[in-house]
Amino acid sequence: MSIRTKGKEIILRALLLCLCAMLAAGCACAEKTEGVNLSTDRRNTILYGTTLADGRILLVGRSREVPGEDAGSAWLLCLNPDRTVSWEYTDDAKDDGYFACAAELEDGTIGLVSGTMVQKPDSAYALRFFTTDGKPTGKEVNIPRRKGPVTVQNATKSRIQLVDMGGIRKAGENQYRSVHFDNYLIDWDGNEIAFLEDFDLGPFDGDMIEEADGLVMNGYELQNFDASKAVRKTDLQGNLIWETRLECVWPDTTRADAERIIPAGDGGYIVLQVEPVYPKEDTDWEYRGALVKLDRDGNILWTRTEGFEFTDRGQLLVMDGGKIAATFTNNSFKVEDNPRRIAWFDENGKFLGNAEMEFGTENFPELKRLNEKPTSGIEESLNFYGNRIIPMEDGMWMLGDFWLVQAEKEEYYNSGLFRIPEPSEK
């Protein structure tokens, strides 16, 4: 199973797991990796929402406050830039609700996409609105179902990307043949803006950047048989302005995917390029990677391969303070089998070196105690999935989830923030 597919399962499972949150200062993971525990004796689901204009970080998800109760509630945690709590909100309804996406809107309020674990027959999501100090405004907009269940991947200050899981399309005539879904753009009043007829942003691995004159997206260009990921810019109404397909730079690959895209400091874009190597029988997938710079018109300015010697898949990308970090992961979520490697670059793509995050249960006393209990021969493993890198005032931190698996049953789950080390720190 590919890391992309497994990653989708983990994100979906995260929305099924209930964990509620109380921030507590953590200690060092292993020797180098600093961490902050975002869970204590209660269970929560934590995803990155948005960074507010004043630098505070909004995390979104779902919580379960009462042990033994299955039904959870939509939940928000707003952190100051130093990771102390600014405010926290837990919905009063115990309706298995959750917050999926967030954006700070042009009117200064926070827009949130709210859902429930079981979608209603006539409703998929609701748009809800909060002040920046965590007070509901009372405004709510219903998003109806379409052909099938609807999921939301991206939200910006004026646009939301919907994926209709019932609108199935196929693309590709070779080993890359895959299923894609109908994508729509709506505004924060729930109005449909555009149907992205020949482009699939996800539903779980696409980015969307809003600019004054349009949206920059990475996704699958469905008119091409191999359906590899391209980068395109549209206006705010979804009309195409430009599109760029990346070129393979490694000798043993046949396609180049724009896996992640982030804004560069000069108005252009940095792309994490991933080139899959089609596996031979009974072998695992391998990947080649590169860092690519586009100008604001989508032209490729440079491509760098130094620092991408790993055969693991490039996963996360971030830029802050003139430095770029890219993370790599393999097909295993077991901590002992999957070193979390980070390649560092300057803003011109010059390779600065690699670092590696060391994980354990030191940040999570609950998991550590469980891990130390006799298991009578039951196989047990500690697993980790990182879902976002967030720039903060003292460096870059990875938001991720730990879970302890006993006898193939995922029983214990904790979330946290972990500071990414730079090469000079290792």
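Computation of the quantities below employed the complete heavy-atom set of this structure, encompassing side-chain atoms and omitting hydrogens, waters and symmetry-equivalent molecules.
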- Task: Please test D189 against K139 for side-chain contact (heavy atoms from CB on, under 4.5 Å), starting from the C-alpha separation and ending with a verdict.
- Result: CA-CA 10 Å; D189 291 320; K139 179 182 177 181; 3.2 Å; yes
Taking [X] for the side chain and [Y] for the main chain, is one N or O donor matched with an acceptor at less than 3.5 Å?
| X | Y | value |
| --- | --- | --- |
| D401 | Y385 | no |
| S73 | T90 | no |
| N218 | E259 | yes |
| E104 | A53 | yes |
| Q315 | G386 | yes |

Rounded to the nearest 0.5 Å, what separation is found between the [atom1] atom of [X] and the [atom2] atom of [Y]?
| X | Y | atom1 | atom2 | result |
| --- | --- | --- | --- | --- |
| L58 | T50 | CG | OG1 | 7.0 Å |
| R340 | E356 | CZ | CD | 10.5 Å |
| T156 | L185 | OG1 | CG | 8.5 Å |
| Y184 | E192 | OH | CD | 6.0 Å |
| L162 | N154 | CG | CG | 10.5 Å |
| I143 | L127 | CD1 | CG | 4.0 Å |

Non-hydrogen atoms of [X] and [Y] that approach each other most closely:
| X | Y | answer |
| --- | --- | --- |
| E347 | W302 | O-CZ2, 3.8 Å |
| E34 | W397 | O-CZ3, 3.9 Å |
| Y89 | P136 | CE1-CG, 3.8 Å |
| P421 | A355 | O-CB, 3.3 Å |
| P276 | V274 | CD-O, 3.6 Å |
| M319 | P263 | SD-O, 4.2 Å |

Should the pair [X] and [Y] be assigned to parallel (<30°), tilted (30 to 60°) or perpendicular (>60°) ring geometry?
| X | Y | value |
| --- | --- | --- |
| F129 | W188 | perpendicular |
| F130 | F99 | perpendicular |
| W242 | Y269 | tilted |

- Item | Worked verdict on M217 versus N183 for side-chain contact (heavy atoms from CB on, under 4.5 Å) | CA-CA 12 Å; M217 318 168 192; N183 280 239; over 6 Å; no
Evaluate the side-chain proximity of [Y] to [X]: yes if any heavy-atom separation is below 4.5 Å, no if none is.
| X | Y | value |
| --- | --- | --- |
| Y98 | L47 | no |
| L417 | L79 | yes |
| R304 | I324 | no |
| M208 | V216 | no |
| T132 | D54 | no |
| K323 | W344 | yes |
| V113 | V60 | no |
| I262 | D207 | no |

- Among pairs that include at least one residue of residues 290-302, which meet salt bridge (Lys or Arg N to Asp or Glu O under 4.0 Å), considering only residues two or more places apart or in two chains? E211-R296, D213-R296, D266-K293
- Hits for salt bridge (charged side-chain N to carboxylate O under 4.0 Å, His left out) against E286, two or more places apart or cross-chain, chain-then-number order -> R288
- Task: Quick one: list whatever passes salt bridge (charged side-chain N to carboxylate O under 4.0 Å, His left out) with D107, sequence neighbours left out.
- Result: none
Set of side-chain hydrogen bond (donor to acceptor under 3.5 Å, both in side chains) partners for [X], sequence neighbours left out:
| X | result |
| --- | --- |
| N348 | none |
| T303 | none |
| E275 | T253, Q273 |
| K157 | none |

- Tell me, please, which residues at least two apart from F310 pass ring pair (Phe, Tyr, Trp, His ring centres under 6.0 Å). F328
- Query: Going through the checks in order, is the side-chain contact (heavy atoms from CB on, under 4.5 Å) test met by L215 and L236?
  - Reply: CA-CA 6 Å; L215 303 166; L236 292 174; 4.0 Å; yes
May I ask you to check whether [X] and [Y] show a side-chain donor-acceptor distance below 3.5 Å?
| X | Y | result |
| --- | --- | --- |
| W75 | E88 | yes |
| D312 | T329 | no |
| S158 | E106 | no |

Counterpart residues, side-chain contact (heavy atoms from CB on, under 4.5 Å), relative to [X] (two or more places apart):
| X | value |
| --- | --- |
| L316 | T327, I389, M398 |
| K350 | D346 |
| D235 | Q237, N239, I241 |
| S86 | R56, C78, N80 |

- Message: Counting neighbours of CD on E309 that are heavy atoms of other residues, nucleotides or ligands and sit closer than 6.0 Å, is the number greater than 12?
- Response: yes
- Message: For a side-chain contact (heavy atoms from CB on, under 4.5 Å) check, start with the C-alpha distance between R341 and N354, then their side-chain angles and the critical distance, and finish with the verdict.
- Response: CA-CA 7 Å; R341 301 185 180 97; N354 292 313; over 6 Å; no
- Query: Salt bridge between D394 and R83, side-chain N to carboxylate O under 4.0 Å?
  - Reply: yes
